[in-house]
Amino acid sequence: MKLSAKHLIVIAGPTAVGKTDIAINLAQHFNTEIISADSRQFYREMSIGTAKPDHNQLSKINHHFIGQLSISDYYNVSMFENEVLSLLKSLFIKYDAVFLVGGSGLYIDAVCKGIDDFPDPAPELRSYLKDILTHEGIGKLQEMLQHLDPEYFVTVDINNPNRLLRALEVCHTTGQKFSEQRLNSQKNRDFNIIKIGLNLTRPELFSRIGLRVDQMIVSGLIKEVESLMSYRQLNALNTVGYKEIFEFLDAKITLQQAVENIKTNTRRYAKRQLTWFKRTDEYKWFEPSGINEITNYLTMTCK
RNA sequence: GGUGUCGUAGCUCAGUUGGUAGAGCAACGGACUGAAAAUCCGUGUGUCACUGGUUCAAUUCCAGUCGACACCA
């Protein structure tokens, strides 16, 4: 453990487990602020479908990185890392502990461990490579990568277009192999990091997901999605809760089917989140009802 | 009440001319360093309704029971 008196307390866990409420309680108890690490709550146009904290919740504790972007803004993990680090610098002047709360594992890891620096690829390059994918298929991308970076080619998720596009993008932009630049280096942070994971039994979690999706419909999800219809091609809207309602609005499926699909896709998302967080033993796991245990644990650990 | 059809995985269904069974979806497991609520990979989880009979062997053939549906009364 570092000698620094500053602590970043991470609260992670699957969607719908109850992170928002717990984090607010804890932030009140420790008298501090919350940084959100939720890659879809960044967007101000998406509220109901992302289960953003409501006005009442936001008024209790200062939240950062909620609704600071528009869905048409370009954004990525590296930008998040830099912005959070610079925000932390100023928050740690006022507070000894700050909470980082969310379900986006990659974003949390970028803040905690850092991410290798790559130059930003030109937007034209990205669309050029995407065109190749669309018109010539993934085989062509595989061929290109095998030629440009044979080392990465043998370890890459060969059928995953996103991985191939990214590697090619970096190779082309830098003129060097992706594998030579992706060092997976761990950056040192001048604050201590404490990681808390929240989880429930599967039946409890799945039941909460079902209830929350039903509640979203009641709260006006359809209207929210309808208002975004003309932006549907944007990446931010390639999101559970939005893509299914688009299909309903296209009259491709019934509302009932759309709701079922949202529940199913949310369950799968929750499972992927758990896979991410469980692959390290850095998290100390609690049930969301165990607020007292968490408070005690944090009080002890922060000393 | 009678006749007929059906009963196989969580769901929808296929199949076995008798050698204990397989698809889709769901589910489960995993990967993942600039799209990450994205993207990708892997895995059948089963008293073949029940009870008997025939047979070396029955999920398959036969009988009965139960259940579902349809038609006739």
Side-chain angles (χ1 to χ4, degrees), chain A residues 12-17 19 36-43 46-52 69 71-83 102-123 125-127 129-130 133 138 141-142 152 155-170 173-174 178-187 202-203 206 209 212-213 216 221 233-245 253 257 260-280:
Chain A
T15 188
V17 80
K19 297 186 291 295
S36 171
D38 193 308
S39 71
R40 287 303 187 268
Q41 292 184 3
F42 294 159
Y43 300 103
M46 302 164 74
S47 295
I48 297 170
T50 59
K52 237 182 230 172
L69 295 177
I71 48 173
S72 48
D73 290 335
Y74 173 75
Y75 202 67
N76 64 44
V77 212
S78 178
M79 294 161 79
F80 182 72
E81 179 197 1
N82 292 328
E83 290 168 20
S104 302
L106 179 66
Y107 283 69
I108 292 172
D109 285 357
V111 171
C112 296
K113 302 174 179 171
I115 200 163
D116 289 322
D117 252 337
F118 297 108
D120 281 333
L125 177 60
R126 182 165 280 195
S127 53
L129 291 169
K130 268 190 97 163
L133 174 64
I138 196 165
L141 296 181
Q142 292 167 344
Y152 187 58
T155 59
V156 71
D157 223 352
I158 205 71
N159 293 318
N160 190 331
N162 288 359
R163 301 276 125 77
L164 298 174
L165 288 170
R166 175 64 185 154
L168 288 169
E169 202 173 86
V170 172
T173 303
T174 61
F178 182 58
S179 55
E180 282 172 359
Q181 302 172 79
R182 201 182 61 135
L183 306 171
N184 266 308
S185 50
Q186 289 241 151
K187 291 182 192 159
R202 275 294 157 90
F206 285 7
I209 287 173
R212 195 173 73 171
V213 172
M216 283 176 181
L221 179 62
Q233 78 290 348
L234 294 173
N235 175 64
L237 291 172
N238 182 196
T239 298
V240 177
Y242 293 80
K243 50 188 178 188
E244 299 86 353
I245 299 292
I253 56 176
Q257 283 171 322
E260 274 318 301
N261 292 350
I262 293 175
K263 289 178 184 176
T264 300
N265 289 331
T266 306
R267 289 196 292 266
R268 297 216 273 221
Y269 171 49
K271 280 165 48 186
R272 273 180 272 131
Q273 290 175 299
L274 285 167
T275 300
W276 184 289
F277 296 125
K278 294 253 163 146
R279 76 174 159 169
T280 118

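Quick caveat: nothing in here was measured; it's all calculated off a predicted structure. Quick note on labels: first sequence line is chain A, next is B, and so on, each numbered from 1. FYI, side chains are in, hydrogens and waters are out, and symmetry mates aren't considered; it's all heavy atoms of this structure.
Between the C1' atoms of B/A49 and B/C66, the separation comes to 8 Å (whole Å). The gap from the C1' atom of B/G7 to that of B/C11 amounts to 15 Å, rounded to the nearest Å. Taking atom P on both nucleotides, B/A57 is separated from B/C71 by 43 Å, rounded to a whole Å. If you take atom P in B/C61 and the same atom in B/U5, they sit 12 Å apart, rounded to whole Å. Annotation: B/A26 and B/U12 have their P atoms spaced 15 Å apart (nearest Å). A distance of about 24 Å separates the P atoms of B/A14 and B/G67, rounded to the whole Å. Rounded to whole Å, the C1' atom of B/U51 lies 27 Å from the corresponding atom of B/C13. Rounded to whole Å, the separation between the C1' atoms of B/U59 and B/G52 comes to 16 Å.
Remark: A/Asn162 is not in phosphate contact with B/G34, judged by side-chain N or O atoms under 4.0 Å from OP1 or OP2. Listed pair A/Arg163 / B/A31 fails the phosphate criterion, with no side-chain N or O lying under 4.0 Å from OP1 or OP2. Between A/Arg166 and B/A36, a side-chain N or O to OP1/OP2 separation shorter than 4.0 Å is absent. Of the side-chain N and O atoms in A/Arg268, one or more sit less than 4.0 angstrom from OP1 or OP2 of B/A27. Between A/Asn238 and B/U39 there is a side-chain N or O to OP1 or OP2 distance below 4.0 Å. Using a 4.0 Å cut-off, some side-chain N or O of A/Arg279 falls inside it from OP1 or OP2 of B/C32. Using a 4.0 Å cut-off, some side-chain N or O of A/Arg40 falls inside it from OP1 or OP2 of B/A36.
Within the 3.5 Å criterion, the main-chain N or O of A/Ser104 finds no donor-acceptor partner in the side chain of A/Gln273. Side-chain N or O atoms of A/Glu169 include none that pairs as donor or acceptor with a backbone N or O of A/Leu125 at under 3.5 Å. Judged by distance alone, with hydrogens and angles left aside, the side-chain atoms of A/Glu81 form no donor-acceptor pair with the main-chain N or O of A/Val111 at under 3.5 Å. Using modelled atom types, no side-chain atom of A/Gln181 and backbone atom of A/Phe118 make a donor-acceptor pair closer than 3.5 Å. Counting only distance, with no hydrogens or angles, the side chain of A/Lys19 and the backbone of A/Gly13 share a donor-acceptor pair below 3.5 Å. Side-chain atoms of A/Asp157 do not come within 3.5 Å of backbone N or O of A/Asn159 as any donor-acceptor pair.
With A/Tyr242 as the aromatic partner, A/Arg40 does not meet the cation-pi criteria of under 6.0 angstrom to the ring centre and within 45 degrees of the ring axis. Annotation: cation-pi geometry not satisfied between A/Arg272 and A/Trp276 (NZ/CZ under 6.0 angstrom from ring centroid, within 45° of ring axis).
The nearest whole Å value for the distance from the CZ atom in A/Phe206 to the C1' atom in B/A27 is 9 Å. The NZ-P distance, from A/Lys271 to B/G42, rounds to 15 Å in whole Å. One atom, CD of A/Glu81, and another, P of B/G34, lie 12 Å apart when rounded to the nearest Å. In this structure, A/Trp276 places its CH2 atom 9 Å from C1' of B/A31, rounding to the nearest Å. If you measure from atom OH of A/Tyr74 to atom P of B/A35, you get 5 Å, rounded to the nearest angstrom. The interatomic distance linking A/Ile108 (CD1) with B/C32 (P) rounds to 17 Å, in whole Å. Whole-Å rounding puts the A/Leu164 CG to B/A35 P distance at 13 Å. Summarising the geometry, the separation between CZ on A/Phe178 and C1' on B/G34 is reported as 9 Å, rounded to the nearest angstrom.
Backbone-only engagement by A/Ser104 is indicated by non-hydrogen atom pairs under 4.0 Å involving sugar-phosphate atoms exclusively. At the heavy-atom level, A/Arg267 lies under 4.0 Å from the strands shown only through sugar-phosphate atoms. Across all strands shown, A/Phe42 has no heavy atoms under 4.0 Å from either base or sugar-phosphate atoms. The residue A/Ile158 sits apart from the nucleic acid: no heavy atom pair falls under 4.0 Å. Using a 4.0 Å heavy-atom cutoff across all strands shown, A/Lys113 reaches no nucleic acid atom at all. A/Lys263 comes within 4.0 angstrom of nothing in the nucleic acid, heavy atoms only. Residue contacts for A/Asn159: at a heavy-atom cut-off of 4.0 Å it reaches the sugar-phosphate backbone alone, with no base atom in range. If you check every strand for non-hydrogen atoms under 4.0 Å, A/Arg126 touches sugar and phosphate atoms only. Here A/Thr50 lies in heavy-atom contact (under 4.0 Å) with a base. Looking at heavy-atom distances under 4.0 Å, A/Asn261 makes no contact with the nucleic acid at all. A/Asp38 comes within 4.0 angstrom of a nucleotide base, judged by non-hydrogen atoms across all strands. Within 4.0 Å (heavy atoms only), A/Tyr107 reaches sugar-phosphate atoms of the nucleic acid but no base atom. Nucleic acid contact for A/Gly105: none, since no nucleic acid atom lies under 4.0 Å from a heavy atom of the residue.
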Inset, instruction - Give RNA chain B the dot-bracket treatment, 5' to 3': Watson-Crick (N1-N3 with N6-O4 or O6-N4) or G-U (N1-O2, O6-N3) under 3.5 Å, [ ] crossing, | other strand. - result: (((((((..((((.....[..)))).(((((.......))))).....(((((..]....)))))))))))).
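Between A/Phe42 and A/Tyr107, the distance separating the two ring centers is shorter than 6.0 angstrom.
Each of A/Ile115 and A/Thr15 lies near RNA chain B, and the nucleotide nearest A/Ile115 is the one positioned closer to the 5' end. Mapping A/Arg202 and A/Val240 onto RNA chain B by nearest heavy atom places A/Arg202 at the nucleotide closer to the 5' end.
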Legend entry - Audit row: A/Lys271, A/Arg202, side chain to side chain contact (heavy atoms under 4.5 Å, CB included) steps and yes/no: CA-CA 9 Å; A/Lys271 280 165 48 186; A/Arg202 275 294 157 90; 3.7 Å; yes
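Of the candidates B/A36, B/A31, B/U39, B/A36 carries the atom nearest the A/Leu106 side chain, counting heavy atoms from C-beta on.
With its glycosidic angle within 90° of 0, B/G34 is assigned syn.
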